[in-house]
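Hydrogens, waters and symmetry mates play no part in the numbers below; they use all other heavy atoms, side chains included. Order of the sequence lines fixes the chain letters, A, B, ..., with proteins taken first and strands second; residue numbering starts at 1 for each chain.
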Amino acid sequence: MSNTLDNQYQPAKIEQSIYQRWEQSNAFKPAESDTAYCIMIPPPNVTGSLHMGHAFQDTIMDLLTRYHRMKGDQTLWQVGMDHAGIATQMVVERRLAADNINRHDLGREKFIEKIWEWKAESGGTITKQLRRMGASVDWSRERFTMDEGLSDAVQDVFVQLYEEGLIYRGKRLVNWDPVLHTAVSDLEVESAEENGHLWNLRYPITNSDEYMVVATTRPETMLGDSAVAVHPEDERYTHLVGKTVELPFTGRHIPIIADDYVDPEFGSGCVKITPAHDFNDYEVGKRHSLEMINVLDDNAAIHLPGSPYHGQDRYVARKQLVRDFEEADLLDKIDDHKLVVPRGDRSGAVIEPYLTDQWYVKVEPLAREAIRVVEDGDIKFVPENWSNTYFEWMRNIEDWCISRQIWWGHRIPAWYDEAGNIYVARNQEEAQAKAGQDAVLSQDNDVLDTWFSSALWPFSTLGWPEQTPELDKYYPTNVLVTGFDIIFFWVARMIMFGLKFTDQVPFHEVYIHGLVRDQEGQKMSKSKGNVLDPLDLIDGIDLDTLVAKRTSGLMQPKMAAKIEKSTRKQFPNGIESYGTDALRFTFASQATLGRDIRFDLARIEGYRNFCNKLWNASRYVLMNTEGQDCGQQNDVVELSLADRWILSRLQEVEAELVEQIDSYRFDQMAQSLYSFVWDEYCSWYVELTKIVLNDESSSAAQLRGTRRTLVRVLETLLRLLHPIMPFITEEIWQQVKGLANVTGETVMHCAYPVADSTAVDSQAITQMQLVQGVITGVRNIRGEMNINPSKHLPVLIQGANSDELAVLRDNQAYLNQFGRFESLEFIDTVEQAPESATALVRDMRVLIPLGSFIDAEAEIQRLNKELEKTEKDIAGVTGRLSNSAFVEKAPEAVIGKAKQQLADAETAKSLLVEQIERMQEFLKG
RNA sequence: GGGUGCUUAGCUCAGUUGGUAGAGCAUCGCCCUUACAAGGCGAGGGUCAGAGGUUCAAGUCCUCUAGCACCCACCA
């Protein structure tokens, strides 16, 4: 730590060392308190890396965590990583593929070893990045979903659910990913419209010359057809129901059935039914007890030993079959057709409905409770409308397929004997005990869906199933901060499992944040080449490196040129280093409820400048207080108007901030802080202190008063800002704490300022507004007349009442120096003044005599502009007040306000008119 | 086919229980004033997507329309 602040704010110089200091001193460890506060991090993929969404989310969680820690809560931000089954396994398989090895070459055990090796190698990336974000997580409690403890929890849950009949194994149609060779859940399938064809095939009616035309988007599945269906009331076909058609190329005759499922308006009104390869047909098949004919293998190639299509990939077979239909004159026609194609969210492969044995969770009973707690308000979504999305899904929920045919994950704790009996147990010994010692058992090869263990995260990380003190202290946790995209995957399942196994909700609030998009509003993605890396915003990156980063490893290398072009256009100079605090402030300022955010560099630059402003103001404070008497020893101090004003405003702002943070309005919080620091503390207060501090006639008590206020307000500001900008506030605080006479190792353990409404001196605020009004009036004239800011001007004030006069006289030094007045005189009537430019403050005129700097023409113009505005106001208010309905029905206060507005405007108008006339006369004569 | 949002200054966004529109950035003037040019001071800029309704009063509440975005869903 340096002993003073550098001349320039350079985040790179301070951030990392501060974090290390915090971590080494265990500053993130919860300090004991009666009230607890806990946030669970949504565990990132252990081998993943930090993207903008994480950075946004982490900012919000850290902000809340730091705030509550400072508030004195026993605050835990629980950190950890997810094993991310499919995603991680894919990464490692891809790496092995580079050496021409596939996982089967290695075998299960060796392959899993490889994954653990990869985890050890790359698993630190994201934790390092979290540290760079300033995340104040308790690293000593870091968990991994495949830790021993968490794995035990998974087994316990599985066994219990199985024993209660809430987990079952069954042969059903599932979403099969033919590339990954595993079943996936409904949520892992993404459907999108694609261009395809509708093939109209002729199925000859048995013992007849006629045929039925069936339309299909997937001709190859015809090999597995077991019926043709028509609508029961479709008169065209009623006579055929009960007969059979000959299924071409198979020698099979399949029944013609009637079912409501068929839409008679679509196509020919005849539908081929393939129960083993289509979810609708599966249901139809069950209703009509049709044969389920599986014609595919794990790779989605045709599996029909003896058939000429056997072994052909589904798309090869499709082509072949279409040709064969055509040759046999059984192809009626081919139409272009848009269809919805389901693809695996990981592999991108077209998903096949496929008949396999899988494990399922029976969700309906769990969902019922999970719906209730949200209805009852035990869990609140922020913003509230997300609860609709939640209800919608939960009320239509299907059983959850939890088995995956991959190797990386929690292996399903089920064993089979040679007869195929199932023994679910915590381990092989238990299973053996259940099966009898003679049984030869083999464990199920499948692993559980990653989300199964994630669903336990809020309590498994706290030690469950043990009844640990942590569980007791922190559970239920306070808020879950996450994106809407995983409400179904994760939030809903945590609620279900939380209720089931702890009888409590896992968290009381769910804060849903929006998506971080690029500045055009596009979703950031590697393939679009518009990804921003939070670390690049923090550290900066040169253009060539950025281009290289965005164009390497693309799935479609063709895109590289386009990406390079747009990147070079958008970031001609690369990206500057903005620092973590500026990035965090940007996120906080954009964190409005329920809206995606566009990330714009102009914004982060603005907030980096804000950091710089704070930094330099602090330098000013230090320069003027270090080694000086700052009045911290209970000596007599005299507070100036500015001192009393800023202290009062500080109280008001403190009150605002607490409201804002408690209602998750971080954007408003950021706005309040920004404008208070910049517009009030820096632009007014700090400037005004210069007058006292540079005045040789200032008394010791006055100097002490100003120094003390300067330092105290700054120190308080640092605490107020700390949750959003942890680094810069810590760095400055270390310099300021001694002057402010506060002790402590770190600002992060100081109390968050609490407003004291009795400390608000409203008189000081009103008086200060008067002073500001006069100065602003003069600045106004100065600005509009393009008078050099350094030119001192003579000022006259006319029409001040006795109170105003007293305040202005008392603060004449402020006015003269801060306003750069050459002189200040008070007069009774405007005639006492020479021809002047005028600014109105309340009922007073602030006058600057015409001279070489101001000409009358310009002043008339300026006044006329002002007059126009005032007349518009008058017209508006008069209109309202002359409306009898308004006067009769509007509340007293509103009418009073309008009358006051009108009176003020009328006064202003008459003053303006008078001035204009005077100017005109002056010009004439 | 259902559902949820969004449309406010050139751009990105605020706008609390209805009381007559704000910020940042950008723009235009004047300034290197001893914390800060990553700065200071001043100014300009909006029939709040459109139409209708409720009301004394609508950016705000209701209805409809248009455009955009996202989520869910089994039309071959």
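Relative ring orientation between A:Tyr511 and A:His513 is described as tilted, the plane-to-plane angle lying within the 30° to 60° band. Aromatic ring pairs are classed by plane angle as parallel below 30°, tilted from 30° to 60° and perpendicular above 60°; the pair A:Tyr674 and A:Tyr607 is perpendicular. The aromatic rings of A:His337 and A:Phe266 stand perpendicular to each other, their planes meeting at an angle above 60°, with 30° marking the opposite boundary.
Partner A:Phe488 forms a ring-ring contact (aromatic ring centres under 6.0 Å, His included) with one of A:Trp393, A:Phe391, A:Trp386 and no other, that one being A:Trp393.
Of all the residues in residues 813-821 of chain A, A:Arg820 reach under 4.0 Å from RNA chain B with at least one non-hydrogen atom.
Between B:U8 and B:A58, the two C1' atoms lie 14 Å apart (nearest whole Å).
Ring-centre distance between A:Trp176 and A:Tyr354: below the 6.0 Å cut-off.
As judged by a 4.0 angstrom heavy-atom cut-off over every strand, A:Tyr674 is placed among residues touching the sugar-phosphate backbone only. If you check every strand for non-hydrogen atoms under 4.0 Å, A:Glu392 touches nothing. Within 4.0 Å (heavy atoms only), A:Ser790 reaches no atom of the nucleic acid at all. Base contact: A:Asp263 has a heavy atom under 4.0 Å from a base atom.
For RNA chain B, the span of nucleotides reached by chain A at under 4.0 Å from its heavy atoms goes, 5' to 3', from B:U4 to B:A76.
Of all nucleotides present, none satisfies the Watson-Crick or G-U wobble test against B:C75 with each distance under 3.5 Å.
Residues passing the ring-ring contact (aromatic ring centres under 6.0 Å, His included) test with A:Tyr681 are A:Tyr685, sequence neighbours excluded.
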